[in-house]
Amino acid sequence: MSTTKIALPDLIQYRDQQIASKSLSRKLGIDMPFVAYAMAAGESISSEQSDRTKLVQVLAGTLTVQLTDRRETVTIGELLVIPAGTAHSYVANEPCKFIQMETK
(Lines give C-alpha, C1' and ligand atoms only; values in the text may rest on other atoms or scores of the structure.)
Protein backbone atom coordinates (compact mmCIF):
# COMPACT_ATOMS: atom_id res chain seq x y z
CA MET A 1 0.00 0.00 0.00
CA SER A 2 1.33 3.43 -0.89
CA THR A 3 1.32 6.35 1.51
CA THR A 4 -1.84 8.43 1.74
CA LYS A 5 -2.08 12.02 2.92
CA ILE A 6 -5.50 13.36 3.90
CA ALA A 7 -6.56 16.81 5.08
CA LEU A 8 -9.02 15.54 7.69
CA PRO A 9 -11.05 18.76 8.23
CA ASP A 10 -11.67 18.98 4.46
CA LEU A 11 -12.99 15.41 4.21
CA ILE A 12 -16.53 16.23 5.15
CA GLN A 13 -18.76 19.28 4.95
CA TYR A 14 -21.50 20.61 7.21
CA ARG A 15 -25.14 20.18 6.17
CA ASP A 16 -27.85 22.34 7.68
CA GLN A 17 -29.73 20.50 10.41
CA GLN A 18 -27.99 17.21 9.59
CA ILE A 19 -25.18 14.94 10.62
CA ALA A 20 -22.84 14.00 7.79
CA SER A 21 -20.54 10.99 8.08
CA LYS A 22 -17.99 9.31 5.84
CA SER A 23 -16.32 5.96 6.48
CA LEU A 24 -12.64 5.95 5.58
CA SER A 25 -11.79 2.33 6.38
CA ARG A 26 -12.03 1.06 2.81
CA LYS A 27 -10.28 4.12 1.35
CA LEU A 28 -7.39 3.65 3.77
CA GLY A 29 -7.35 -0.14 3.45
CA ILE A 30 -7.69 -0.72 7.19
CA ASP A 31 -9.87 -3.10 9.18
CA MET A 32 -10.72 -0.85 12.10
CA PRO A 33 -13.74 1.44 11.79
CA PHE A 34 -12.58 5.00 11.01
CA VAL A 35 -15.33 7.57 10.37
CA ALA A 36 -15.34 11.35 9.88
CA TYR A 37 -18.37 13.32 11.09
CA ALA A 38 -19.64 16.87 10.57
CA MET A 39 -22.46 17.94 12.85
CA ALA A 40 -24.40 21.18 12.55
CA ALA A 41 -24.94 23.15 15.76
CA GLY A 42 -27.60 21.52 17.93
CA GLU A 43 -27.31 18.08 16.33
CA SER A 44 -26.74 15.00 18.47
CA ILE A 45 -26.04 11.28 18.24
CA SER A 46 -28.03 9.28 20.77
CA SER A 47 -26.53 6.97 23.34
CA GLU A 48 -24.57 4.01 22.04
CA GLN A 49 -21.87 1.66 23.23
CA SER A 50 -19.39 -0.58 21.50
CA ASP A 51 -17.38 -3.66 22.36
CA ARG A 52 -14.35 -1.73 21.06
CA THR A 53 -12.50 1.22 22.54
CA LYS A 54 -13.36 4.45 20.68
CA LEU A 55 -10.92 7.25 20.00
CA VAL A 56 -12.61 10.58 19.25
CA GLN A 57 -10.59 13.53 17.95
CA VAL A 58 -12.14 16.92 17.25
CA LEU A 59 -11.02 18.66 14.05
CA ALA A 60 -13.21 21.78 14.25
CA GLY A 61 -15.56 23.26 16.85
CA THR A 62 -16.35 21.64 20.18
CA LEU A 63 -18.00 18.28 20.90
CA THR A 64 -19.79 17.42 24.14
CA VAL A 65 -19.64 13.73 25.02
CA GLN A 66 -22.07 12.49 27.66
CA LEU A 67 -20.69 9.43 29.41
CA THR A 68 -22.45 7.30 31.99
CA ASP A 69 -21.09 9.25 34.94
CA ARG A 70 -19.88 12.58 33.53
CA ARG A 71 -19.83 15.00 30.62
CA GLU A 72 -16.62 15.73 28.68
CA THR A 73 -16.03 18.72 26.39
CA VAL A 74 -13.57 17.90 23.60
CA THR A 75 -11.95 20.75 21.66
CA ILE A 76 -9.80 21.00 18.53
CA GLY A 77 -6.79 18.72 18.68
CA GLU A 78 -7.93 16.82 21.78
CA LEU A 79 -8.37 13.05 21.78
CA LEU A 80 -10.94 11.40 24.03
CA VAL A 81 -10.59 7.68 24.76
CA ILE A 82 -13.92 5.97 25.46
CA PRO A 83 -13.37 2.49 26.93
CA ALA A 84 -15.17 -0.49 25.40
CA GLY A 85 -18.63 -1.04 26.86
CA THR A 86 -19.07 2.60 27.95
CA ALA A 87 -22.40 4.18 27.01
CA HIS A 88 -21.94 7.61 25.43
CA SER A 89 -23.71 10.20 23.29
CA TYR A 90 -22.51 13.22 21.31
CA VAL A 91 -23.84 16.80 21.11
CA ALA A 92 -22.55 19.63 18.90
CA ASN A 93 -23.25 22.93 20.66
CA GLU A 94 -21.62 24.64 17.66
CA PRO A 95 -20.71 23.26 14.22
CA CYS A 96 -18.27 20.43 14.87
CA LYS A 97 -16.12 18.04 12.83
CA PHE A 98 -14.52 14.99 14.40
CA ILE A 99 -13.11 11.58 13.59
CA GLN A 100 -13.98 8.41 15.45
CA MET A 101 -11.74 5.36 15.36
CA GLU A 102 -12.48 2.03 17.00
CA THR A 103 -9.80 -0.32 18.22
CA LYS A 104 -9.69 -3.61 20.09
| query | Going through the distances and angles, do T64 and N93 end up as a side chain to side chain donor-acceptor pair (under 3.5 Å)? | reply | CA-CA 7 Å; T64 299; N93 295 318; 3.0 Å; yes
Distance in Å, [X] [atom1] paired with [Y] [atom2], rounded so as to fall on 0.5 Å steps:
X: D10; Y: K97; atom1: CG; atom2: NZ; result: 6.5 Å
X: T62; Y: F98; atom1: OG1; atom2: CZ; result: 12.5 Å
X: E48; Y: T86; atom1: CD; atom2: OG1; result: 11.5 Å
X: L55; Y: I82; atom1: CG; atom2: CD1; result: 8.5 Å
X: D31; Y: K104; atom1: CG; atom2: NZ; result: 8.0 Å

Give me the atom names and distance for the closest heavy-atom approach of [X] to [Y].
X: S47; Y: A87; value: OG-CB, 3.9 Å
X: S44; Y: V91; value: CB-CG2, 4.0 Å
X: T53; Y: A84; value: OG1-N, 3.6 Å
X: I76; Y: A60; value: CG1-CA, 3.8 Å
X: A38; Y: I12; value: CB-CG2, 3.9 Å

Test side chain to side chain donor-acceptor pair (under 3.5 Å), reference H88, set K54, Q49, Q66, output is K54
**Message:** I'd like to know whether CG of D69 has more than 12 heavy-atom contacts from other residues, nucleotides or ligands below 6.0 angstrom.
**Reply:** yes
Look at the side-chain heavy atoms of Ile, Leu, Val, Met, Phe, Trp and Tyr, link any pair under 4.5 Å apart, and say whether [X] and [Y] land in one connected group.
X: L24; Y: L59; answer: yes
X: M32; Y: I99; answer: yes
X: M101; Y: V81; answer: yes
X: L67; Y: Y90; answer: yes

Between E43 (side chain only) and A40 (backbone N and O only), is there a donor and an acceptor less than 3.5 Å apart?
no
TODO: Using atom types as modelled and distance alone, determine if a side-chain donor or acceptor of S25 lies under 3.5 Å from a backbone N or O of F34.
DONE: yes
pair Y37-I19: side-chain heavy atoms closer than 4.5 Å: yes
